[in-house]
Structures are given as C-alpha cells and as structure tokens.
Amino acid sequence: MSAMRVDAKVVMLGKESVGKTSLVERYVHHRFLVGPYQNTIGAAFVAKPIQVGEKVITLGIWDTAGSERYEAMSRIYYRGARAAIVCYDLTDSSSFQRARFWVKELQNCEEHCKIYLCGTKSDLIGGDRSLRQIDYHDTQDFADEIGALHFETSSKTGNNVGESHLQSSLSNCVSAEETGVDLGQKKDSYFYSCCHNN
Ligand SMILES: Nc1nc2c(ncn2[C@@H]2O[C@H](COP(=O)(O)OP(=O)(O)OP(=O)(O)O)[C@@H](O)[C@H]2O)c(=O)[nH]1
C-alpha cells in the first residue's frame, strides 16, 4: 500500500447533532443520509482531494463527536489543524453557545487555524422562518470580530456546500506546499473510519 499525503488538516467542531457528519457526507460523497440519527463516537476521518489552481491537494478531514463527553478527545483532533469548521444548528440557539466555546478554544490553542462558522440545516428555516434561532447579521458581526468566514448551509439540499462556497473557502486557506502527514493509505482513495452508534 503506498503512502497518502495529507496536505492540510481540517477539523469539524460543534455541538452534538448540529450536522457535522452530514456536512462531510454532502461535501465528500454528495449525498444526504436519511434514517435515524447516529451520533459519532470519538471521531471519524475522511480524505478529500481538491483542486487548488493547477494542483490537487488532499484535505484530511476529522469529524469529531459533538457530545461533551468526548470534549477532551476533540481537542486532540484540532491540534495542528489548518482550518476548523465550527458548526451550529440555525434552529438551536444553544448550539451557537457551543460554537463560541470552540472558537475560544481555537483562539487560545491554535492561533494559526482558520475558523469557518457554519450555520447548518438552512433548509429547515427556508420552510418556516420562525424556526430560525440564530440571526444571520449577528453571526456575521461575530465572524468579522474574530476574523472568521461565515456561511449557512444545508446538507439536505446541498446549499452552499459545493465548489462555490465551502470548497473554495477551504482551498483559499491551504497550499500544496504544506508539509504532509503519512497516513499509510493509497493516494486518492477516500476512507472514512466511522464510529457510529446504532
Ligand atoms: N433538515 C436537515 N437535517 C439535517 C441537516 N444536517 C443534518 N441533519 C440531521 O441532523 C441530525 C444530526 O446530524 P449529524 O450529521 O449526525 O450531526 P453531528 O453533528 O455529526 O452529530 P454528532 O455525531 O452527535 O456530533 C441527523 O438526523 C441529520 O439527518 C440538514 O442540512 N438539514
């Protein structure tokens, strides 16, 4: 088996059930999994090659478990991350408090990590605006204050997840010259070591 080089580490953070795994599924596999919610245990990894200019670089995405009982473990996964996608559920104000917690952690411990604030499940508020609990402009102000990028996504519809938003933002913050990490996997193959509860 030939070695796979990961050019940049990306970590998904956020309260449980905000939709981190769904965002990764949509981004990497272009699908939305239906069925009962299965919380992530520990963390899962997937490699995603992306085109940056004329080069292909490989993102190593760590999808952490949102449950607070795995908080210590999540800290391990953001170490050395080039980008953090801090997710909150647009219909759950408590998830935004948790997002602020992760932002503070990153600011204190990973000052070079680019932060992306991602409001998830935008399809739900599209159908019923009264379900929105997080104001777009307040979040944009917060994003400006901390120097983060901010976007609202739907993994269900794919809104803002594709090349034009999430991917182009990520590709702007990485370069092919990053030092690689040998993960002992074949280049260009995705692998996703999911640890899901049934
Ligand atoms: N309507 C809608 N539901 C979503 C969306 N994204 C996720 N969900 C649902 O929200 C629930 C939780 O999604 P997950 O992706 O497993 O959440 P998670 O943040 O990975 O959760 P943990 O593993 O516990 O940290 C599931 O039932 C998903 O189907 C979305 O964009 N729209």
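Sequential numbering from 1 along the given sequence is applied to the chain's residues. Counting starts at 1 for both ligands and their atoms, following the listed order. As the structure is a prediction and not an experimental result, all values here were calculated from the model.
Taking every heavy atom of Asp123 and a limit of under 4.0 angstrom, the matching atoms of ligand 1 come to 1 (N), 2 (C), 30 (C), 31 (O), 32 (N). Atoms of ligand 1 found under 4.0 Å from any heavy atom of Lys20, numbered from 1 in the order shown, are 15 (O), 17 (O), 18 (P), 19 (O), 20 (O), 21 (O), 22 (P), 25 (O). Close contacts of ligand 1 with Asn39, meaning ligand atoms under 4.0 Å from a residue heavy atom, involve 23 (O), 24 (O). Heavy-atom contacts of Lys156 reach the following atoms of ligand 1: 1 (N), 30 (C), 31 (O), 32 (N) (cutoff under 4.0 Å). For ligand 1, the atoms sitting less than 4.0 Å from at least one non-hydrogen atom of Ser22 are 6 (N), 7 (C), 13 (O), 14 (P), 15 (O), 28 (C), numbered in the order shown with element in parentheses. Listed by number with element, the atoms of ligand 1 under 4.0 Å from a non-hydrogen atom of Gly66 are 22 (P), 25 (O). Residue-ligand proximity, Tyr37 to ligand 1, at heavy-atom distances under 4.0 Å covers atoms 12 (C), 16 (O), 21 (O), 22 (P), 24 (O), 26 (C), 27 (O). Atoms of ligand 1 found under 4.0 Å from any heavy atom of Ser154, numbered from 1 in the order shown, are 31 (O).
Ion pairing between a basic and an acidic side chain is recognised when a charged N comes within 4.0 Å of a carboxylate O; Glu71 and Arg98 show such pairing. Salt-bridge formation is detected for the pair Glu152/Arg132: a Lys NZ or Arg NE/NH1/NH2 atom is positioned less than 4.0 Å from an Asp or Glu carboxylate oxygen.
Contact annotation: Gly14 has no heavy atom less than 4.0 Å from any atom of ligand 1. Distances shorter than 4.0 angstrom occur between a heavy atom of Val18 and an atom of ligand 1.
In this structure, Tyr136 shares a hydrophobic cluster with no other residue, the cluster being traced through Ile, Leu, Val, Met, Phe, Trp and Tyr side chains under 4.5 angstrom apart.
At under 3.5 Å, a nitrogen or oxygen of Ser155, whether backbone or side chain, sits near a nitrogen or oxygen of ligand 1. Not one N or O of Asp63 is nearer than 3.5 Å to an N or O of ligand 1, by distance alone. By the 3.5 Å distance cut-off applied to N or O atoms, Thr153 is not counted among the residues near ligand 1. Close N/O approach between Thr40 and ligand 1 is found [any backbone or side-chain N/O within under 3.5 Å].
Contact of the Val11 side chain with the Trp102 side chain is not registered, since no non-hydrogen atoms from C-beta on lie closer than 4.5 Å. Between Ser154 and Thr120, every side-chain heavy-atom pair lies at or beyond the 4.5 Å cut-off. In this structure, Ser74 and Leu13 have side chains that are in contact, with non-hydrogen atoms separated by less than 4.5 Å.
Using a distance-only test at 3.5 Å, with no hydrogens or angles considered, a donor-acceptor pair links the side chain of Glu110 to the main chain of Gly80.
Using a 4.5 Å cut-off between side-chain heavy atoms of Ile, Leu, Val, Met, Phe, Trp and Tyr, with links allowed through other members, Phe96 and Ile125 fall into the same hydrophobic cluster.
The closest heavy-atom contact to atom 4 (C) of ligand 1, among the options Phe32, Tyr88, Tyr70, comes from Phe32.
At a cut-off of 3.5 Å, with distance as the only test, a side-chain donor of Lys15 or Ser94 sits close to an acceptor on the other residue.
Only one option out of Leu23, Ile61, Thr153 pairs with Ile85 in a side-chain contact (heavy atoms from CB on, under 4.5 Å); it is Leu23.
Within the 4.0 Å heavy-atom criterion, the part of Leu124 lying near ligand 1 is the side chain and not the backbone. In Pro36, neither the side chain nor the backbone holds a heavy atom less than 4.0 Å from any atom of ligand 1.
Among all heavy-atom pairs drawn from Ala99 and Tyr88, the shortest one is CB-CB, 4.2 Å.
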